[in-house]
There are 2 protein chains.
Amino acid sequence: MQQRATLLDVATEAGVSRSTASRVLTGTLRNVDPQLAERVLEASQRLGYRANPVARALRRQSTGNVGILVPSIRNSYFVHLVDAFTRVANRSHFGVVLADSGDDPELESRRIDAFGESLVDALAVVPTSVTASGPSIRRALERTRVVQVDRWTAGVDCGFVGVDNEAGIRLMVEHLRSNGRRRIAYIGADQDTSAGVERLAAFRAHAHPGDREILLPHFSTSAGHHAAQRLLADGPLPDAALCTADVLAVGLLSTLQKEGVKVPDDIAVTGFDGTDLLELMNPPITALRHPLDAIAERALELMLGPSVPAHPEKVRLPPELVARSTS
Amino acid sequence: MQQRATLLDVATEAGVSRSTASRVLTGTLRNVDPQLAERVLEASQRLGYRANPVARALRRQSTGNVGILVPSIRNSYFVHLVDAFTRVANRSHFGVVLADSGDDPELESRRIDAFGESLVDALAVVPTSVTASGPSIRRALERTRVVQVDRWTAGVDCGFVGVDNEAGIRLMVEHLRSNGRRRIAYIGADQDTSAGVERLAAFRAHAHPGDREILLPHFSTSAGHHAAQRLLADGPLPDAALCTADVLAVGLLSTLQKEGVKVPDDIAVTGFDGTDLLELMNPPITALRHPLDAIAERALELMLGPSVPAHPEKVRLPPELVARSTS
DNA sequence: CTGAAAGCGCTTACAG
DNA sequence: CTGAAAGCGCTTACAG
């Protein structure tokens with residue numbers, strides 16, 4: 001670990017000024033003598049020079065990094081989302097800084113501040129709460145460009161990109177009904193998030209008398225496990241469990257099967273997100289596919305696009321239904 | 001999104017110099033008049049001041065961030081590892097920057113350079129290849145402090161912290177034998193990584209004549225699926241499949257079951273990492289538990305500790321066996 | 001086409 | 001105890 005070569009070192013080695021060296025190295029090649037350019041390039045090579053990004057960022061007032069804050073990297077839906085986001089960002093030569101808010105508004109607030117005071121030009125956040133996340137996001141908005149992804153918060157004037165939850169629920173309910181399911185149990189969670197709220201509202205708009213609702217604290221596999229136990233305890237089994245997250249569906253299916261319930265014969269089980277957990281289960285689980293690449297692209301456009309509109313866009317992208325063997 | 005207040009703004013507002021304002025705000029409170037300190041604090045509050053971390057990093061020659069580069073965030077083992085690493089780093093007030101090398105030495109090399117030229121004080125890397133990752137890691141070592149986690153590369157003088165693979169395999173083989181399993185199929189992958197190499201060598205040291213080996217390109221669920229197909233195609237089933245990664249075990253179990261094989265009656269299946277996938281499967285899968293927190297702690301010590309020893313430490317931490325229902 | 005100079009926003013010896 | 005000044009390593013008007 002030796003002393004890094006600096007721009008001045010390169011310039012000296014090449015016998016030019018820092019200005020010229022900088023011009024060559026940043027590719028502002030117009031207006032540079034090819035001879036000198038060559039010398040600078042060689043010197044830079046010889047010294048193993050790489051521009052110090054901290055100094056560059058300070059001067060340019062921009063780091064070339066974007067941040068993404070998700071509730072939990074343990075939830076595989078967010079892993080897929082981060083994956084898509086990173087791929088799209090890298091395509092435009094942006095680095096990505098990832099953080100996890102532990103599904104906790106308090107921790108989320110600290111993370112947002114860390115980003116705000118930190119090294120990103122813009123921030124994508126999946127808020128943990130439709131209400132409690134408001135203040136931190138508003139605070140972030142004062143310092144940097146922010147877009148909300150997958151979930152929004154109330155009363156915050158900030159762009160949003162996510163899946164169309166209403167369409168997703170409708171697709172799923174129609175699919176179940178058309179397969180003869182008559183008593184659907186809606187397995188919801190995180191009613192304190194916009195996703196939870198929108199999905200439940202959509203379900204109620206399409207519910208029939210025989211249907212019911214089970215609402216859990218968080219989207220997690222253990223919540224799915226608890227939902228299964230509730231189903232088992234509460235008398236006759238419904239003929240479908242519409243889970244509003246893959247992790248819920250996986251936990252629920254796993255628990256039902258351990259109790260000897262046959263899926264899909266006794267009950268249909270559906271997920272929501274399209275993660276690759278679905279294919280691993282036995283039987284593979286019916287769910288939606290979210291347009292994650294498109295979501296990431298639109299999010300980055302909003303984050304990095306030219307101006308900040310007075311009324312930021314809210315973008316909802318339609319999911320597709322992917323029928324597998326549990327329905 | 002308004003103009004951020006600068007240190008000069010705070011100083012002016014409080015009627016002091018930047019030096020004093022800086023002293024107060026960085027908590028170098030010795031040698032500051034309490035009166036002035038109070039005024040500075042108030043001004044800072046009023047202006048919503050937060051130090052610009054880029055400027056601070058340039059001046060201090062340190063960012064307060066550490067990086068971690070993993071082969072794939074799709075592999076849930078690495079999610080757990082990153083999780084532990086982040087928790088431990090945050091405890092010491094370090095930020096964490098995460099990147100994914102897509103299991104590809106080429107991409108890995110680019111990511112390492114990005115880190116090297118980027119905004120971290122030290123880097124933890126899980127190399128993709130015991131050979132091909134060498135040059136990039138050596139290059140990183142010239143610019144910043146580096147520690148290898150979970151896997152090492154040949155001929156690179158760099159600290160390492162990981163699980164004791166030999167002990168893990170031994171534990172697992174003994175467990176299977178003591179449960180009466182006589183024909184063990186070793187399901188390996190990534191023979192180009194130190195983990196792959198060490199695990200295979202350990203297995204061979206404990207193998208019996210009836211045992212066999214199936215080696216796959218990568219640790220992934222689809223590789224587990226292929227392993228199951230090979231097992232099914234190759235004549236009489238062994239009575240145990242010792243998988244050297246949880247994702248392998250999950251993919252293999254899932255495929256075997258789809259083909260009507262009974263686990264554990266027909267065959268035992270074991271994982272390796274201790275991710276929470278194991279509990280979701282039906283039946284839950286026997287595996288090891290890695291001491292991830294300890295691994296993260298030791299890694300951070302090596303990354304951030306005082307001096308760089310001439311012969312960097314190689315730390316191997318012992319796993320525990322967690323018997324579940326597949327063995 | 002090229003270089004001297006200013007400046008991004010901080011922190012920290014140094015002098016007083 | 002406090003402030004003027006230097007400097008971290010770049011980039012970019014500006015003058016020539």
Side-chain angles (χ1 to χ4, degrees), chain A residues 2-41 43-44 47-65 114 116-121 143-144, chain B residues 2-41 43-44 47-65 114 116-121 143-144:
Chain A
Q2 63 226 35
Q3 208 53 32
R4 280 176 70 143
T6 170
L7 182 65
L8 183 58
D9 297 333
V10 175
T12 308
E13 175 93 358
V16 300
S17 70
R18 281 142 82 218
S19 320
T20 302
S22 176
R23 276 189 212 103
V24 174
L25 266 11
T26 53
T28 319
L29 272 170
R30 64 185 179 85
N31 302 357
V32 179
D33 184 308
Q35 295 264 339
L36 291 193
E38 186 55 32
R39 289 229 301 275
V40 170
L41 256 15
S44 154
L47 270 44
Y49 172 76
R50 317 215 52 157
N52 178 329
V54 172
R56 170 175 285 169
L58 179 60
R59 178 60 230 234
R60 287 196 175 153
Q61 299 286 296
S62 134
T63 63
N65 290 138
E117 69 178 65
S118 179
L119 312 154
V120 298
D121 298 337
R143 310 177 176 286
T144 183
Chain B
Q2 62 226 38
Q3 206 56 30
R4 281 176 70 143
T6 171
L7 182 64
L8 184 56
D9 297 333
V10 175
T12 308
E13 174 94 357
V16 300
S17 71
R18 279 141 82 218
S19 321
T20 301
S22 177
R23 277 188 211 104
V24 174
L25 266 10
T26 53
T28 320
L29 272 171
R30 63 183 179 86
N31 302 358
V32 179
D33 184 307
Q35 295 265 339
L36 291 193
E38 185 55 31
R39 289 228 303 274
V40 170
L41 256 15
S44 154
L47 269 46
Y49 172 77
R50 318 217 51 157
N52 178 330
V54 172
R56 170 176 284 169
L58 180 60
R59 177 61 230 234
R60 287 197 175 152
Q61 299 286 295
S62 137
T63 62
N65 290 139
E117 69 178 66
S118 179
L119 313 154
V120 299
D121 298 336
R143 310 177 179 285
T144 182

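Please read all numbers here as calculations on a predicted model, not as lab measurements. Chain A is the first sequence line, chain B the second, and so forth, proteins listed ahead of strands; every chain is numbered from 1. These values consider heavy atoms only, across backbone and side chains, with no hydrogens, waters or symmetry-generated copies.
Here the side chain of A/Ser22 pairs no donor or acceptor atom with the backbone of A/Arg18 at under 3.5 angstrom.
For the pair B/Thr6 and B/Tyr49, the tightest heavy-atom approach, listed with the atom from each and the gap, is C-CE1, 3.5 Å. Looking at every heavy atom in both residues, B/Ala51 comes nearest to B/Arg56 through CB-NH2, 3.4 Å.
Atom-to-atom, CG of B/Asp33 to C1' of D/dG3 comes out at 14 Å; the value is rounded to the nearest Å. For the pair A/Arg59 CZ and D/dT11 C1', the computed distance is 4 Å after rounding to whole Å. Atom CD of B/Glu38 is separated from atom P of D/dC1 by 16 Å (rounded to the nearest Å). Per the geometry, CG belonging to A/Asn52 stands 18 Å off P belonging to C/dC8, to the nearest Å. Whole-Å rounding puts the A/Arg56 CZ to C/dC10 P distance at 21 Å. A/Arg39 places its CZ atom 12 Å from the C1' atom of C/dT2, with the value rounded to the nearest Å.
In terms of the side-chain contact (heavy atoms from CB on, under 4.5 Å) criterion, residue partners of B/Ala43 (sequence neighbours excluded) are, by chain and number, B/Val10, B/Glu13, B/Ala14, B/Arg46. Under the side-chain contact (heavy atoms from CB on, under 4.5 Å) criterion, A/Ala21 pairs with A/Leu7, A/Ala11, A/Val16, A/Val40, not counting sequence neighbours. Here B/Ser19 pairs with B/Ser17, B/Arg23 under the side-chain contact (heavy atoms from CB on, under 4.5 Å) rule; sequence neighbours left out. A search for side chain to side chain donor-acceptor pair (under 3.5 Å) contacts involving B/Asp121 returns B/Ser62, B/Thr63, not counting sequence neighbours. Taking the side chain to side chain donor-acceptor pair (under 3.5 Å) definition, one finds that A/Ser44 meets it with nothing, sequence neighbours left out.
Each of B/Gln61 and B/Leu36 was matched to the nucleotide of DNA chain D holding its nearest heavy atom; the match closer to the 5' end belongs to B/Leu36. Residue order along DNA chain D, read from the 5' end via each residue's closest nucleotide, puts B/Leu58 first among A/Arg60 and B/Leu58.
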Short N/O separations, protein against nucleotides 14-16 of chain C, under 3.5 angstrom:
none

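Contact of the A/Val24 side chain with the A/Leu41 side chain is registered, since non-hydrogen atoms from C-beta on lie closer than 4.5 Å.
To the nearest 0.5 Å, atom CG of residue B/Asn52 and atom CD of residue A/Gln61 are 7.0 Å apart. Of the inter-residue distances, the one linking B/Thr144 atom OG1 with A/Arg4 atom CZ reads 8.5 Å to the nearest 0.5 angstrom.
For DNA chain C, the neighbouring residues in residues 8-22 of chain B, judged by any heavy atom under 4.0 Å, are B/Arg18, B/Ser19, B/Ser22.
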Both atom distances under 3.5 Å, Watson-Crick or G-U wobble: I'd like the secondary structure of DNA chain D as a dot-bracket string, with | for pairs made across strands. |||.||||||||.|||
